[in-house]
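Notes to accompany the following structure.
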Amino acid sequence: MHSPPKSLVHQPFINWKDAIEYFKIHESNEYHKFSMAKVTEFLKIVDKKQNDVYIQLHKRNESEIKRNRDILKVIIKTVILCGRQGLAVRGGHDSGTLDLNFPLHNDGNFRALLRYRIDSGDDLFLNNIKSCADETTDVSRVEQFSLCIRYFDADVNKIREYFLQFVPVHSTTRIELAKTIISTLSALGLNLQHMRGQGYDGAANMGGVFRGVQALILKEYPKALYTHCFSHCLNLCLNDASIAQQIRNTLNIIQEVSSSFRMSAKRSHILNTKLESKPFSGLKNIVKPDGLKDMKLFQYLSMVF
């Protein structure tokens, strides 16, 4: 029966003459059965016979977090091993899912070491790879690139740089990439006739002088001059310079100092206040290149800072 709750719920019960009959009818109502079920579960929690929903979910989340961390440790340790031994991580074909069988082509030391770990009996990582393979088509198999813009804000006399969006890429050929960049920027309402520059990494497909993406865009928009990404230049330069122990130690100290400021809102505020009160004059007044070997690093650092 589905009669709305009245007596015994919203109204006092006074018909004691027909109480037994009325109680039987009341017991058959859905809201009474639902309430009894809730009371039963509540008493189990009070009597410590079962955990409440929050604790159950929390324990499940803790178990999932521990499992994910154990899997992540495998990947991190492999990357650290490649770094310590001076092994290149990437291979000629290192995209897509991890093939459990050794491929005919070279897919890099990183994937080879992960495959070796699986062969050595790491069942946890093996099961994770198998489960990911079923979801890759729907989740992970969509390549994408990040799209950012950099412009001069005349109102505040500053150069601004903003991330716009991740753009799905279904083809990585130079023609399709160029079309994707142009169509995405146009769809965002930007007038590409005002575009004065474009920047990518040094890959031939992107920065090739004659056939790269930048050449195709430059042909259509002649004022959009190509510049090799300064951050990528700096990364390559520091990677080469890190052969020297002094530079490695310096970069580690810089990283620790940066982390110290990032982890504290108070320290970050103090740093920003100090920087605003004493504008940075650039590396040219601080660092002097010593010989031709330092000139390349100095030039890139000067452009970045």
Side-chain angles (χ1 to χ4, degrees), residues 65-66 68-90 94 108-110 113 144-153 156-167 197-203 206-207 227-305:
I65 290 172
K66 183 180 181 304
N68 291 338
R69 285 178 176 174
D70 290 340
I71 295 170
L72 191 59
K73 285 178 182 177
V74 173
I75 299 174
I76 293 174
K77 287 180 179 179
T78 305
V79 174
I80 292 175
L81 174 63
C82 290
R84 284 180 174 173
Q85 299 302 118
L87 301 175
V89 175
R90 299 178 61 180
D94 59 355
N109 296 315
F110 174 66
L113 287 171
Q144 55 187 1
F145 65 82
S146 59
L147 189 62
C148 304
I149 60 168
R150 182 180 172 91
Y151 66 94
F152 179 73
D153 190 343
V156 293
N157 203 29
K158 282 186 177 181
I159 295 177
R160 298 188 182 277
E161 185 171 340
Y162 290 107
F163 165 77
L164 294 180
Q165 66 181 70
F166 287 112
V167 182
Q198 47 178 323
Y200 318 101
D201 60 19
M206 300 299 294
T227 303
H228 191 156
C229 174
F230 285 165
S231 296
H232 187 248
C233 290
L234 177 62
N235 183 57
L236 294 175
C237 197
L238 293 178
N239 184 62
D240 292 339
S242 294
I243 297 175
Q245 182 178 355
Q246 295 87 339
I247 295 181
R248 282 202 309 271
N249 294 341
T250 301
L251 293 177
N252 287 334
I253 293 172
I254 292 174
Q255 183 179 8
E256 291 179 4
V257 172
S258 174
S259 299
S260 175
F261 280 107
R262 276 203 314 267
M263 294 172 62
S264 170
K266 185 177 180 180
R267 287 194 290 266
S268 296
H269 175 70
I270 294 174
L271 176 64
N272 291 330
T273 303
K274 292 295 183 181
L275 290 176
E276 289 174 0
S277 62
K278 187 177 181 181
F280 186 59
S281 58
L283 286 178
K284 293 184 179 179
N285 299 329
I286 301 174
V287 181
K288 298 297 182 183
D290 183 16
L292 294 177
K293 286 187 177 180
D294 299 334
M295 185 61 69
K296 183 180 177 183
L297 173 61
F298 175 74
Q299 288 175 343
Y300 283 134
L301 288 175
S302 299
M303 287 188 293
V304 173
F305 292 103

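Everything numeric in this text was worked out from a predicted model, so none of it was measured.
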*asked:* Contact between Val167 and Gln165 at the side-chain level, heavy atoms closer than 4.5 Å - yes or no?
replied: yes
*Measure the spacing between CD1 of Ile270 and NZ of Lys266 and express it to the nearest 0.5 Å.*
6.0 Å
*Taking all non-hydrogen atoms of both residues into account, name the closest pair between Ala241 and Ile247 and its distance.*
O-CD1, 3.3 Å
*Nearest atoms (heavy-atom pairs only) where Phe166 meets Ser146*: CE2-CB, 3.8 Å
*Do the side chain of Ser258 and the main chain of Ile254 share a donor and acceptor less than 3.5 angstrom apart?*
no
*Got a second to check how far Glu256's CD is from Asn252's CG, nearest 0.5 Å?*
6.5 Å
_Pairwise distance CD1(Ile76) to CZ(Arg69) - rounded to 0.5 angstrom_ = 10.5 Å
*Would you say Asn272 and His269 make side-chain contact, with heavy atoms under 4.5 Å?*
no
*Nearest 0.5 Å please: distance from the CG atom of Leu72 over to the CD1 atom of Ile65.*
12.5 Å
*What distance separates His232 NE2 from Leu234 CG, expressed to the nearest 0.5 Å?*
11.0 Å
_Determine whether Lys73 and Asp70 satisfy the following criterion, side chain to side chain contact (heavy atoms under 4.5 Å, CB included), listing intermediate values before the conclusion._
CA-CA 5 Å; Lys73 285 178 182 177; Asp70 290 340; 4.2 Å; yes
*To the nearest 0.5 angstrom, please state how far the CD atom of Glu161 sits from the SG atom of Cys148.*
6.0 Å
*For the residue pair Ile75 and Phe110, establish whether any side-chain heavy-atom pair is separated by less than 4.5 Å.*
yes
*Donor-acceptor contact present, side-chain Arg160 to main-chain Tyr151, <3.5 Å*: no
*asked:* Counting C-beta onward and ignoring hydrogens, is there a side-chain heavy-atom pair between Asn157 and Phe152 closer than 4.5 Å?
replied: yes
